[in-house]
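Structure record follows, encoded as structure tokens.
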Amino acid sequence: MSEQNKDYSSDSIKVLKGLEAVRKRPGMYIGSTSKTGLHHLVWEILDNSIDEVMAGYAQHVKVTITKENEIVVQDDGRGIPVGINQDTGRPAVELVFTQLHAGGKFDSDSYKVSGGLHGVGASVVNALSLYVDVVIEREGKKFHMLFSDGGTAQTELAIIGESNKTGTTVRFKPDPEIFKETVTFDYTTIRNKVKQLAYLNKGLKISLNDERINKSVDFHFPN
Ligand SMILES: Cc1cc(C)cc(-c2cc(NC(=O)[C@H]3COCCO3)[nH]n2)c1
């Protein structure tokens with residue numbers, strides 16, 4: 001087997017091991033697999049967009065709860081990078097969703113309760129979701145990747161269109177095999193978090209649209 005192939009296969013095994021570890025002991029990454037743990041998935045994805053807001057590149061974040069109990073988070077930031085990473089030969093966005101970044105300090109069996117994984121939790125959400133669908137707009141193009149089956153990339157990064165905007169859209173549906181108590185998102189829980197994020201990040205325009213009850217709310221606390 002050539003050097004390149006050996007690296008690729010050992011890399012893909014490492015990826016699967018990482019996400020498998022999350023599925024084996026989800027509580028270590030999201031605290032629990034109860035309703036509280038279910039909502040941590042939303043906070044992990046939302047954290048990434050808020051990082052882009054704090055970096056000054058995004059002004060709007062939109063959260064949608066769909067009729068199928070998916071969560072969609074959209075921002076108008078720079079868009080997750082799509083370039084090929086030299087070490088792995090994989091697109092940066094693929095690594096964001098498949099590499100278990102050692103975020104923060106973890107004890108052997110506890111979850112860092114202060115706020116979550118600080119924007120490195122996308123791979124955890126991916127591991128614990130039925131699917132994660134990603135659309136990135138940057139460099140005048142629209143890029144797409146789909147992950148499922150324990151977080152495995154189902155597609156190569158693909159250009160699916162053109163775009164005169166920039167931003168990132170992530171859609172995910174939690175895995176009922178992991179979240180046995182409930183996979184139903186709670187409007188009030190998410191609304192309160194979205195309001196708090198708007199308050200803490202003055203100037204951020206953040207909206208929540210619950211398609212199940214046809215209810216939308218916008219938050220914006222001026223600077
Ligand atoms: C909803 C969601 C989910 C995830 C995992 C990342 C993001 C995200 C990531 C970014 N921005 C970036 O990654 C920056 C990081 O710096 C280089 C240019 O792109 N904006 N939004 C948004």
Side-chain angles (χ1 to χ4, degrees), residues 15 18-19 22 29-30 38-66 70-88 90-104 115-148 150-155 157 159-160 163 165-175 185 190 193-194 197-198 200-201 203-209 219:
V15 165
L19 300 187
V22 176
Y29 299 88
I30 56 170
L38 177 77
H39 286 79
H40 269 280
L41 300 186
V42 188
W43 313 156
E44 286 312 328
I45 292 299
L46 210 34
D47 249 9
N48 288 276
S49 290
I50 297 302
D51 283 351
E52 192 69 352
V53 169
M54 289 178 179
Y57 292 100
Q59 282 76 41
H60 291 80
V61 178
K62 194 172 167 206
V63 183
T64 305
I65 308 170
T66 74
E70 301 162 308
I71 291 288
V72 185
V73 179
Q74 290 171 267
D75 71 44
D76 59 351
R78 293 167 289 182
I80 304 176
V82 293
I84 300 298
N85 168 270
Q86 293 313 314
D87 306 341
T88 59
R90 309 307 299 160
V93 51
E94 183 176 321
L95 302 178
V96 166
F97 285 93
T98 59
Q99 298 293 313
L100 196 54
H101 294 273
L117 301 170
H118 300 294
V120 293
S123 54
V124 169
V125 175
N126 188 20
L128 303 178
S129 294
L130 280 177
Y131 52 82
V132 176
D133 188 281
V134 185
V135 174
I136 294 163
E137 294 171 275
R138 62 181 287 143
E139 299 157 25
K141 296 185 182 76
K142 204 174 268 196
F143 298 88
H144 175 259
M145 271 202 88
L146 175 69
F147 302 88
S148 67
T152 311
Q154 299 302 310
T155 63
L157 178 70
I159 294 173
I160 58 170
S163 171
K165 302 186 295 175
T166 64
T168 301
T169 302
V170 172
R171 173 190 299 262
F172 70 90
K173 187 174 173 69
D175 189 343
F185 289 107
I190 299 177
K193 177 76 170 184
V194 161
L197 287 170
L200 295 173
N201 296 277
L204 163 63
K205 291 184 176 170
I206 186 165
S207 66
L208 170 61
N209 176 22
F219 294 102

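If you're wondering where the values come from, they're calculated on a predicted model, not measured in any experiment. Each ligand, and each atom within it, is numbered from 1 in the order the structure gives.
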For a side-chain contact (heavy atoms from CB on, under 4.5 Å) check, start with the C-alpha distance between V96 and N126, then their side-chain angles and the critical distance, and finish with the verdict. CA-CA 10 Å; V96 166; N126 188 20; over 6 Å; no
Can you tell if the side chain of H144 reaches within under 4.5 Å of the side chain of D133, non-hydrogen atoms only? yes
Has Y131 got more than 12 heavy atoms of other residues, nucleotides or ligands less than 6.0 Å from its OH? yes
Does Y57 come within less than 4.0 Å of ligand 1, judged by its heavy atoms? no
Please identify which atoms of ligand 1 are closer than 4.0 Å to at least one heavy atom of F97. 5 (C)
Protein heavy atom at shortest distance from atom 21 (N) of ligand 1: D75 OD2, 2.6 Å
Return yes when G79 approaches ligand 1 closer than 4.0 angstrom through a heavy atom, no otherwise. yes
Using the test ring pair (Phe, Tyr, Trp, His ring centres under 6.0 Å), find all partners of F172 that sit at least two apart in sequence or belong to another chain. none
For atom 12 (C) of ligand 1, what's the nearest protein heavy atom and its distance? E52 OE1, 3.7 Å
Protein contact of atom 1 (C) of ligand 1 - nearest heavy atom, named by residue and atom, plus distance: S49 OG, 3.3 Å
Within the structure provided, determine whether Y57 and T166 are in side-chain contact (heavy-atom separation under 4.5 Å). no
Near A122, which atoms of ligand 1 are under 4.0 Å from a heavy atom of that residue? 5 (C)
Look at atom 13 (O) of ligand 1 and say which protein heavy atom is nearest, naming residue and atom and giving the distance to 0.1 Å. P81 CD, 3.5 Å
Member of V61, V42, V63 meeting the side chain to side chain contact (heavy atoms under 4.5 Å, CB included) criterion with V194: V63
A student checking ligand 1 against T168 at a 4.0 Å heavy-atom cut-off should list atoms 2 (C), 7 (C), 8 (C), 20 (N), 21 (N), 22 (C)
Taking only heavy atoms of V170 into account, list the atoms of ligand 1 that are under 4.0 Å away from them. 1 (C), 2 (C), 3 (C)
Ranking R78, R171, R138 by closest non-hydrogen atom to atom 14 (C) of ligand 1, top hit is R78
Look at atom 9 (C) of ligand 1 and say which protein heavy atom is nearest, naming residue and atom and giving the distance to 0.1 Å. I80 CG1, 3.5 Å
Any chance you could lay out the side-chain contact (heavy atoms from CB on, under 4.5 Å) test for F97 and M145, step after step, and finish with the verdict? CA-CA 10 Å; F97 285 93; M145 271 202 88; over 6 Å; no
Where the closest heavy atom to atom 7 (C) of ligand 1 is concerned, which of I136, N48, I45, V96 has it? N48
